[in-house]
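All values below come from the heavy atoms of this structure, side chains included, with hydrogens, waters and symmetry mates left out. Throughout, protein chains are lettered first and strands after them, A, B, ... in sequence-line order, and every chain is numbered starting at 1.
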There are 2 protein chains.
Amino acid sequence: MAGTSHRAAPEHTHPDEVPVLTALAALADPVRLTLVRELAADAEWSRSCGSFDVPVGKAALSHHFSVLRAAGLVEQRDEGPRRVNRLRRAEFEARFPGLLDLVLRPEPHL
Amino acid sequence: MAGTSHRAAPEHTHPDEVPVLTALAALADPVRLTLVRELAADAEWSRSCGSFDVPVGKAALSHHFSVLRAAGLVEQRDEGPRRVNRLRRAEFEARFPGLLDLVLRPEPHL
DNA sequence: GGGAGTGTATGGTTTTCATCGAACACTCGG
DNA sequence: CCGAGTGTTCGATGAAAACCATACACTCCC
């Protein structure tokens with residue numbers, strides 16, 4: 001049958017239930033910042049967890065995604081053997097207006 | 001004569017030279033968040049470092065202000081024996097539009 | 001059903017960061 | 001010149017967080 005996954009669905013937190021401090025802490029990490037940026041640059045649900053170019057092992061990567069979910073930044077869905085991601089642009093923007101733009105904006109020269 | 005201080009002037013960093021990651025990290029701490037908020041609630045140069053209601057000793061407090069200066073969030077000036085503070089609203093807003101508003105805005109109920 | 005691919009969970013190590021206590025520097029008022 | 005008030009610096013401590021290697025769970029395809 002369709003839609004049947006015998007795998008535990010990932011726990012999500014809606015941005016509305018996220019404290020500012022949690023959101024800031026989630027974004028204040030170079031690896032997660034990269035994840036969010038790469039995620040924003042591609043189509044929704046197009047990137048699996050392993051498809052990101054970050055210098056950490058799978059275990060750490062999995063943890064980072066867990067943090068991003070808890071901060072309401074990322075939504076995940078199981079698609080066959082892989083877990084694909086989506087940046088929760090609209091919802092997160094509604095909760096923290098401008099924050100995402102800020103972090104996605106190309107860094108002005110220092 | 002006036003304006004003569006035999007004390008080392010605090011090192012400041014202009015918001016324009018601050019990476020996003022540094023700004024986020026500076027705000028992603030409960031004590032510093034309180035400092036910024038209290039600072040925003042009062043007139044510029046009206047608050048000395050010791051006048052904030054945070055549950056840490058002077059040493060830690062001094063360190064937090066150092067982080068806030070490095071993030072371009074706070075400017076300090078020596079005024080007699082005390083060091084008074086100013087939130088760099090305009091400059092920081094120009095560099096990171098909306099970020100201060102976000103953190104100063106009262107937290108919606110969770 | 002076996003094996004490859006993908007992601008999570010666990011346990012332990014390392015690093016980072018917030019914190020404190022104590023010592024020091026500076027300013028001001030007696 | 002001394003003492004109180006204020007803030008920084010230093011060294012050490014403890015907690016939090018990032019990380020890795022391994023082992024495990026699930027899905028798909030042959």
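Remark: P of C/dC17 and CG of B/L27 are 15 Å apart, rounded to the nearest angstrom. B/L33 has its CG atom 13 Å from the P atom of C/dA18, to the nearest Å. The distance between atom CZ of B/R83 and atom C1' of D/dG5, rounded to the nearest whole Å, is 15 Å. Straight-line distance from the CD atom of A/E11 to the C1' atom of C/dA9: 14 Å, rounded to whole Å. Rounded to an integer number of Å, the gap from B/R77 CZ to D/dT6 P is 19 Å. Counting to the nearest Å, the P atom of C/dA9 and the CZ atom of A/F65 are 14 Å from each other. Atoms CG (B/L61) and C1' (D/dT9) sit 14 Å apart, rounded to a whole Å.
Annotation: the span from B/R82 atom CZ to B/R77 atom CZ amounts to 13.5 Å, rounded to 0.5 Å. To the nearest 0.5 Å, the span separating CZ on A/R32 from CZ on A/R37 amounts to 13.5 Å.
Listed for the B/R95 side chain is a donor-acceptor partner under 3.5 Å among the backbone atoms of B/V18. Of the possible donor and acceptor atoms, none in the side chain of B/S66 sits under 3.5 Å from a partner among the backbone N and O of B/S62.
Counting heavy-atom neighbours within 6.0 Å of A/E11 CD, excluding the residue itself, gives a total of 12 or less.
Paired with B/N85 under the rule side chain to side chain donor-acceptor pair (under 3.5 Å), one option of B/R69, B/R47, B/Q76, B/E75 passes, and it is B/Q76.
Residue A/R82 places none of its side-chain N or O atoms closer than 4.0 Å to OP1 or OP2 of C/dG7. In this model, the phosphate group of D/dT6 is not approached by any side-chain N or O of B/S48 to a distance below 4.0 Å at OP1 or OP2.
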### Base versus backbone protein contacts along nucleotides 16-27 of chain D [heavy-atom cut-off under 4.0 Å; B, S, -]
--SSBB----SS

